[in-house]
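As the structure is a computational prediction, the values presented were derived from the model and not from experiment.
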Amino acid sequence: MASSCKTQQRAAKGGAAAPAPDACVADIDPKLECLDGATTYIIRLTLPGFKKEDFKVQVDSGGRLTVRGERPAGYVRFHKAFQLPQTAYPDGVAGRFDGTVLSLTVPKQPASGRDMVVARLAEVKECAAGEGTTTWAEALGGKGQMVAAAVAGFALGAFLAHRLLSVTNT
């Protein structure tokens with residue numbers, strides 16, 4: 001936290017403290033959390049002591065999201081800027097402030113079928129370039145072994161049913 005102090009001045013009307021050019025100002029760096037969801041990006045800033053009117057959110061044409069705020073009580077201010085990813089839809093940014101946490105939701109642009117195929121092919125190439133070989137059961141993740149057991153059980157049942165029916169029909 002950076003601060004610069006000289007003398008504080010009181011506003012002439014109402015007796016409320018007003019930031020003066022030579023007043024104490026504390027620059028803070030609010031706690032930041034970024035989440036990448038399936039269809040949205042979520043950015044959370046922890047802003048205790050701030051009110052909704054104390055900050056401003058802007059998105060410029062280049063996809064740069066800026067959040068800045070100033071709280072008169074104690075002359076506290078902050079400034080955060082983020083470059084949104086190429087997949088973000090900057091015109092759809094929405095925000096919610098619950099009194100402590102500012103949550104900004106940035107929707108992702110819908111992926112075209114071609115983009116999804118290209119991304120899937122890139123995943124396959126990464127897997128192929130990885131160490132060793134992967135069985136189809138391992139590729140299915142934690143449920144792969146369960147699926148493999150179910151398939152093996154089904155195959156065994158089909159084999160036994162075929163054998164039993166062939167023995168009884170002869």
Query raised in the report: Can you tell if the side chain of Val59 reaches within under 4.5 Å of the side chain of Thr66, non-hydrogen atoms only?
Result: no
Requested in this report: Using the side chain to side chain contact (heavy atoms under 4.5 Å, CB included) rule, take Val101 and Leu47 through it: C-alpha gap first, then chi angles, then the decisive distance, then the call.
Outcome: CA-CA 6 Å; Val101 177; Leu47 301 169; over 6 Å; no
Report task. Given side-chain hydrogen bond (donor to acceptor under 3.5 Å, both in side chains), test Thr87 with Tyr41 step by step and report yes or no. Result -> CA-CA 10 Å; Thr87 57; Tyr41 298 103; 2.4 Å; yes
Query raised in the report: What's the spacing between Arg77 CZ and Asp54 CG if we round to 0.5 Å?
Result: 14.5 Å
Query raised in the report: Do Leu104 and Ile42 have side chains that get closer than 4.5 Å, going by heavy atoms?
Result: no
Query - Leu32 side chain near Arg44 side chain, heavy-atom distance below 4.5 Å - result: no
Requested in this report: For residues Phe78 and Phe50, establish whether the separation of their ring centroids is below 6.0 Å.
Outcome: yes
Query raised in the report: Hey, mind stepping through Thr100 and Thr46 against side chain to side chain contact (heavy atoms under 4.5 Å, CB included) and telling me if it holds?
Result: CA-CA 6 Å; Thr100 304; Thr46 304; 4.2 Å; yes
Requested in this report: Determine yes or no for a side-chain-to-main-chain donor-acceptor pair under 3.5 angstrom, with Gln109 supplying the side chain and Tyr89 the backbone.
Outcome: no
Query - Nearest-0.5 Å distance that lies between atom OG in Ser103 and atom CG in Leu45 - result: 9.0 Å
Requested in this report: Give, for atom NE2 of His79 and atom CG of Asp29, the distance between the pair rounded to the nearest 0.5 Å.
Outcome: 12.0 Å
Query raised in the report: So do Leu65 and Val93 actually touch side chain to side chain, heavy atoms under 4.5 Å?
Result: yes
Query raised in the report: When rounded to the nearest 0.5 angstrom, what distance separates CG in Leu84 from CG in Asp60?
Result: 9.0 Å
Query raised in the report: Heavy-atom distance under 4.5 Å between the side chains of Lys108 and Thr39, does that happen here?
Result: no
Requested in this report: First locate atom CZ of Phe159, then atom CG of Leu164, and finally report the distance between them rounded to the nearest 0.5 Å.
Outcome: 10.0 Å
Query raised in the report: Measuring from Lys52:NZ to Arg96:CZ, what's the distance to the nearest 0.5 Å?
Result: 11.0 Å
Report task. Heavy atoms only: give me the nearest Pro107-Gly92 pair and the separation to one decimal. Result -> CD-O, 3.2 Å
Query raised in the report: Hey, mind stepping through Val57 and Leu102 against side chain to side chain contact (heavy atoms under 4.5 Å, CB included) and telling me if it holds?
Result: CA-CA 10 Å; Val57 178; Leu102 171 64; 4.2 Å; yes
Requested in this report: Could you tell me whether Gln86 atom CD has more than 12 heavy atoms of other residues or ligands within 6.0 Å of it?
Outcome: no
